[in-house]
Chemist: 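Let me give you the structure first, and then I'll get to my questions.
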Amino acid sequence: MAHAEHNLAIFRGNLKFKSNIQKIWGVFTLLSIITIVEVILGIIKPTSLMAPFMSAFEGGFFATLGNIIFSPIIYLKPLNFIFIVLTIVKAYYITWDFMHMRDEAKGMRRAVVWTGIFLISYLTMILLFEGDYIYEVYKANYIKFDF
Amino acid sequence: MEATVDTTAPKGAWSGGSNRPFKASYGKMMMWFFIVSDALTFSGFLAAYGFSRYKFMDSWPIADEVFTHFPFLHGVDAPMYYVALMTFILIFSSVTMVLAVDAGHKMQQNKVIIYMFLTVIGGAIFLGSQAWEWNTFIKGDYGAVETKGGRILQFLDKDGKRVGLNDFAVDLPEARVSQEGSNGIWYESEAVTRTSVSFEEVKEGFLANENLLIRTQYLDENGHPTVLSREESITKLINEGNLVVEGANLRHNEYGSPLFADFFFFITGFHGFHVLSGVVINCIIFFNVVIGTYERRGSYEMVEKVGLYWHFVDLVWVFVFTFFYLV
């Protein structure tokens with residue numbers, strides 16, 4: 001048997017289920033609630049969440065540093081930031097409880113999750129920076145793209 | 001290798017040995033590493049989508065305005081509801097899958113059969129939904145005009161409501177000459193598909209109808225597409241209008257940038273292909289459970305392995321849902 005014992009506690013041990021089946025339904029409820037919240041937010045699109053909370057710092061090295069540290073609330077609309085956080089929460093529970101990552105050995109967990117997260121963040125960062133750079137080039141263009 | 005693999009074990013992939021790396025079986029670990037590599041492929045697609053979207057930040061279509069249909073509800077503006085429903089279907093089939101895995105651990109063959117069956121059904125419903133979504137997207141909605149620069153012009157009435165091309169285009173006598181090699185113009189082949197109205201008909205109809213305005217794909221400060229005044233609209237259409245677009249394919253897209261349609265087809269298509277292969281693999285495992293293969297083997301680990309793949313498909317959809325439809 002792969003793993004007879006299931007870890008039945010979620011939310012850092014704050015919520016303990018009596019059986020594995022109960023845990024499955026609990027996680028399903030959680031995922032459903034998150035999805036419903038996402039859909040409601042996506043349809044309403046509250047205006048207060050449509051503009052970034054902060055504008056970018058101008059100036060020298062520390063402004064750049066500040067822009068990097070606060071990038072989620074400077075360059076992202078709060079709504080999109082919420083969507084991304086909720087998505088990662090959903091991904092966590094699918095991986096940890098549906099795919100039983102919670103019950104795997106620590107080394108296995110790290111080999112799979114950290115590899116993925118590192119490579120994906122790196123690729124995303126490079127491509128989004130590059131896309132934004134090309135956008136700026138198009139905007140201040142010497143060539144007419146729309147004719 | 002000796003440090004991790006039990007070399008005294010019988011031939012075969014670390015079967016029977018007690019010294020198993022990460023305490024996982026060979027098959028399960030390889031499934032996990034396959035999932036990692038597949039996740040990288042999907043993230044490549046989604047990151048490329050992000051790249052293109054950042055590149056055309058001021059003119060990217062708004063997903064809410066593209067996917068507004070719901071089956072059997074014609075003319076009802078239902079942004080997002082259908083995709084949300086598809087998400088629920090997939091999450092629910094994930095639940096039945098994990099219940100099948102759990103029943104497998106307890107060696108309850110009949111429960112595994114029921115839950116695997118429900119999982120396959122859920123996957124099939126999802127695939128059907130995706131086919132419907134593709135069909136709606138390809139057929140298009142109101143139709144639009146593409147400019148010489150490849151940008152999209154959409155039509156609105158005075159109240160800001162979208163207007164379909166067929167609602168205002170006039171009927172012009174057709175002066176269509178088919179181009180044949182015998183006329184010496186063999187090098188200009190004819191377009192394969194034809195739209196229901198020609199550009200000239202749309203232009204005449206637009207000029208005749210004072211109430212119509214043009215909306216470009218460029219977004220204003222509030223993130224809404226720019227609406228031109230009547231004079232600007234006329235100038236724009238006459239000077240830049242080029243051809244009529246109805247629906248979307250890999251080259252033209254009435255909703256905006258053709259790249260949006262390309263990514264839609266590639267990302268949801270690649271995901272749909274994963275769902276399809278997941279359903280096929282689930283079917284195979286289902287029949288194996290029915291004929292009692294795993295009962296005789298004394299372990300339902302195959303159900304667990306295919307379950308990993310199925311959950312991964314669900315996991316990818318969670319990301320596609322966010323980055324394609326929500327953000």
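Proteins come first, then strands; the chains are lettered A, B, ... in the order of their sequence lines, and each starts at number 1.
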Chemist: Test side-chain contact (heavy atoms from CB on, under 4.5 Å) on I94(A) and F312(B) and set out the steps.
Modeler: CA-CA 8 Å; I94(A) 290 174; F312(B) 169 70; over 6 Å; no
Chemist: Nearest 0.5 angstrom please: I24(A) CD1 to S94(B) OG, how far?
Modeler: 10.5 Å
Chemist: Which one wins on heavy-atom pair count under 4.5 Å against chain A: L99(B), L46(B), I91(B), L40(B)?
Modeler: L99(B)
Chemist: Mind checking whether Y54(B) and F129(A) have ring centres under 6.0 Å apart?
Modeler: no
Chemist: Would you give the length of the straight line joining atom OH of Y138(A) to atom OG of S59(B), rounded to the nearest 0.5 angstrom?
Modeler: 10.0 Å
Chemist: I'd like to know whether OH of Y81(B) has more than 12 heavy-atom contacts from other residues, nucleotides or ligands below 6.0 angstrom.
Modeler: no
Chemist: Output yes when D58(B) and K139(A) qualify as a salt bridge under the 4.0 Å nitrogen-oxygen rule, no when they do not.
Modeler: no
Chemist: Step by step, work out the ring pair (Phe, Tyr, Trp, His ring centres under 6.0 Å) result for F323(B) and F83(A).
Modeler: CA-CA 9 Å; F323(B) 292 113; F83(A) 284 149; 9.8 Å; no
Chemist: Using 0.5 Å steps for rounding, measure from the CG atom of L315(B) to the NZ atom of K90(A).
Modeler: 10.5 Å
Chemist: Chain B heavy atoms under 4.5 Å from K106(A): which part of the residue, side chain, backbone, both or neither?
Modeler: neither
Chemist: Looking at every heavy atom in both A47(B) and L123(A), which two are closest together, and how far apart are they?
Modeler: CB-CD2, 3.9 Å
Chemist: T124(A), L76(A), V112(A): which one forms the most heavy-atom pairs within less than 4.5 Å of chain B?
Modeler: V112(A)
Chemist: Show your working on side-chain contact (heavy atoms from CB on, under 4.5 Å) between K106(B) and I21(A) and close with a plain yes or no.
Modeler: CA-CA 12 Å; K106(B) 295 170 188 157; I21(A) 292 180; 3.7 Å; yes
Chemist: Looking at A24(B) and E104(A), what are the two nearest heavy atoms and their distance?
Modeler: CB-OE1, 4.4 Å
Chemist: Output the distance between atom CD1 (I34(A)) and atom OG1 (T87(B)), rounded to the nearest 0.5 Å.
Modeler: 13.0 Å
Chemist: Might you work through the side-chain contact (heavy atoms from CB on, under 4.5 Å) test for V98(B) and H100(A), ending with a clear yes or no?
Modeler: CA-CA 9 Å; V98(B) 73; H100(A) 301 299; 3.8 Å; yes
Chemist: How are the rings of F98(A) and H311(B) set relative to one another: parallel (under 30°), tilted (30 to 60°) or perpendicular (over 60°)?
Modeler: tilted
Chemist: Side chain from CB out, backbone as N, CA, C, O: work out which of these in V36(B) comes under 4.5 Å of a heavy atom of chain A, or both, or neither.
Modeler: side chain
Chemist: Between V39(A) and A84(B), what is the shortest heavy-atom contact and its length?
Modeler: CG2-CB, 3.4 Å
Chemist: Do other residues, nucleotides or ligands put more than 12 heavy atoms under 6.0 Å from F33(B) CZ?
Modeler: yes
Chemist: In a check of side chain to side chain contact (heavy atoms under 4.5 Å, CB included) between S43(B) and each of I117(A), I120(A), L127(A), which one passes?
Modeler: I120(A)
Chemist: Please evaluate residues D132(A) and M57(B) with respect to the criterion side-chain contact (heavy atoms from CB on, under 4.5 Å), reporting the C-alpha separation (whole Å), side-chain torsions for both, the decisive distance (0.1 Å), and the verdict.
Modeler: CA-CA 8 Å; D132(A) 188 52; M57(B) 203 50 159; over 6 Å; no
Chemist: When rounded to the nearest 0.5 angstrom, what is the spacing between OG1 in T115(A) and CH2 in W32(B)?
Modeler: 12.0 Å
Chemist: Quick check on L128(A) against chain B: is it the side chain, the backbone, both or neither that has a heavy atom closer than 4.5 Å?
Modeler: both
Chemist: If you count heavy-atom pairs under 4.5 Å between each of A91(A), G131(A), G116(A) and chain B, which one has the most?
Modeler: G131(A)
Chemist: Contact part of V83(B) toward chain A, heavy-atom cut-off under 4.5 Å: side chain, backbone, both or neither?
Modeler: neither
Chemist: I'd like to check V95(B) versus W25(A) (side-chain heavy atoms, cut-off strictly below 4.5 Å). Are they in contact?
Modeler: yes
Chemist: Would you give the length of the straight line joining atom CG of L326(B) to atom CG of L41(A), rounded to the nearest 0.5 angstrom?
Modeler: 9.0 Å
Chemist: Is it the backbone or the side chain of N242(B) that comes under 4.5 Å from a heavy atom of chain A, or both, or neither?
Modeler: neither
Chemist: Where on I35(B) is there a heavy atom nearer than 4.5 Å to chain A: the side chain, the backbone, both, or neither?
Modeler: side chain
Chemist: Could you check if a side-chain atom of E38(A) sits within less than 4.5 angstrom of a side-chain atom of F321(B), using non-hydrogen atoms only?
Modeler: yes
Chemist: Does OH in Y92(A) sit with more than 12 non-hydrogen atoms of other residues, nucleotides or ligands closer than 6.0 Å?
Modeler: yes
Chemist: Based on non-hydrogen pairs under 4.5 Å, which of N239(B), V101(B), L308(B) is most in contact with chain A?
Modeler: L308(B)
